[in-house]
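Order of the sequence lines fixes the chain letters, A, B, ..., with proteins taken first and strands second; residue numbering starts at 1 for each chain. Just the heavy atoms: all of them, side chains too, but no hydrogens, waters or symmetry mates, feed the values below.
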2 protein chains.
Amino acid sequence: MDRAEAEARLLDAAEALFYERGIQAVGMDQVRAASGVSLKRLYQLYPSKSELVLACLERRDRRWRARLAEYAQSRPDGVERVLAVYDWLYEWFSEPDFRGCAFINSFGELGAVDPAVADAVRAHKGAFHDYMAGLVAAAGHSGQTVGTLVLLAEGAMTTAAISGSPEAARQARLGAAQLLANR
Amino acid sequence: MDRAEAEARLLDAAEALFYERGIQAVGMDQVRAASGVSLKRLYQLYPSKSELVLACLERRDRRWRARLAEYAQSRPDGVERVLAVYDWLYEWFSEPDFRGCAFINSFGELGAVDPAVADAVRAHKGAFHDYMAGLVAAAGHSGQTVGTLVLLAEGAMTTAAISGSPEAARQARLGAAQLLANR
DNA sequence: CTCGGCGGAGAACGACCGTTCTCACAGCAT
DNA sequence: ATGCTGTGAGAACGGTCGTTCTCCGCCGAG
């Protein structure tokens, strides 16, 4: 098993465990068991748990945004593409192991205690905001609306996680459509 | 120090510490030090950390909702009172030690691992939803809007926490006003 | 005053966690 | 065959955590 595969297996296992149970509830030995990578290799690739967590968050950020962008780009420009974001949220919320936004969860758990985690979360949310701003501008709407549309998405993530139902995405889409209907 | 005062000091100290640093990051000994209540008394009032956490969440739920209701009731009936919710959020977000919604944070940290915590969070969010539904009905708007208004509030809480700024409440208020303007 | 129970301070316990170390072994150049 | 390098399995280490126990002083009842 070469370095690249060890990294991939580690990130896959760690990300899944952290997301499913929370970061502090998962020990490094469980990451080793789930990944099949020895502790020695683990620590020479990621010298501390904190760095492993950061690496997971960064990879998740890239994947999450890529998945969203890929989905949205399959829709026509304009308002349709803005609303596609909420359709994608619905699909995401419907995944059987959905447990909320990993960044919101990580921030609540470690944001006050690990500034690097807090920075990663802010970067992720900032990038999402910027992406939405691009979609809204392309739809010819004022920048005023962007913030509200982002709040709807964020609210849908936490509400879907807590309620255990993807319906919040539908509700958010309705609200967004209404906001975009009357300029 | 009688039983009632010991309970109050424990809950005050524990709630503040859990909220500020996260639950798992705070040890029982720190609760003892901050409250001035001995470990022995602590454990005879709350036989486990989990029960102390639950008691904190329940008291916080009651206080949070009471504070919100008190604020809203000082405004005239109708749409004004619905919008007052977001004004109150702005004040809350502006408190110097604001660190997001304790229930969202607790859910992210322990929701997957402690079902009692998950239940308490669901109860809190359900009560907030019902309260908003009452305000919206009193304002003569359809129940359709309630979900969206709640999403705006939830999104504002997480966004304010992560960004460190209370502006999200302003943004949420703008969105809510727009939703309530055109029925 | 004496006794008994309660409370406080903090040590003790067992479990676990992040991290490092030991040791045996596999692959490879010489 | 002989070293050398790096690996895997897992023990070991130091620290912390939740929880319990010990010991001692206080205080009210008799």
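- At a cut-off of 3.5 Å, with distance as the only test, a side-chain donor of B/T148 or A/Q171 sits close to an acceptor on the other residue.
- Residue A/Q44 places no side-chain N or O under 4.0 Å from the OP1 or OP2 atom of C/dT20.
- A cation-pi contact links A/R170 to A/Y90, judged by a cut-off of 6.0 Å to the six-membered ring centre and 45° from its axis.
- Rounding to whole angstrom units, OH of residue B/Y43 and P of D/dC17 are separated by 12 Å.
- Note on A/V26: only backbone sugar-phosphate atoms sit closer than 4.0 angstrom, heavy atoms only; bases stay farther off.
- Residues B/Q73 and B/R81 have side chains that never bring a donor and an acceptor to within less than 3.5 angstrom of each other.
- Nucleotides of DNA chain C nearest to A/L39 and A/Q30 differ in position, and the one nearer the 5' end is that of A/Q30.
- Picking from D/dC17, D/dA11, C/dG18 the nucleotide with the shortest atom distance to the side chain of A/M28 gives C/dG18.
- You'll find that the side chain of A/S38 is closest to D/dA9, out of D/dA9, D/dT22, D/dT19.
- When the C1' atom of C/dG8 is taken as reference, atom CE of B/M1 falls 10 Å away, rounded to whole Å.
- In this structure, of C/dG8, C/dT19, C/dT22, it is C/dG8 that holds the atom nearest to the side chain of B/R41.
- Atom CG in A/L52 sits about 14 Å away from atom C1' in C/dC17, given to the nearest Å.
- Atom CZ in B/R32 sits roughly 13 Å away from atom P in D/dG18 (whole-Å rounding).
- Per the geometry, CG belonging to B/D2 stands 14 Å off C1' belonging to C/dG7, to the nearest Å.
- In this structure, CG on B/L152 lies 6.0 Å from CG on A/L151, to the nearest 0.5 angstrom.
- Aromatic ring orientation, A/F103 versus A/H124: parallel (interplanar angle below 30°, classes split at 30° and 60°).
- Atom CG of A/L45 and atom P of D/dG8 are 10 Å apart (whole Å).
- Taking side-chain N and O atoms only, A/K49 has a distance below 4.0 Å to OP1 or OP2 of C/dG18.
- A sub-4.0 Å separation between OP1 or OP2 of D/dG18 and a side-chain N or O of B/Q24 is absent.
- The nearest whole Å value for the distance from the CZ atom in A/R3 to the P atom in D/dT5 is 20 Å.
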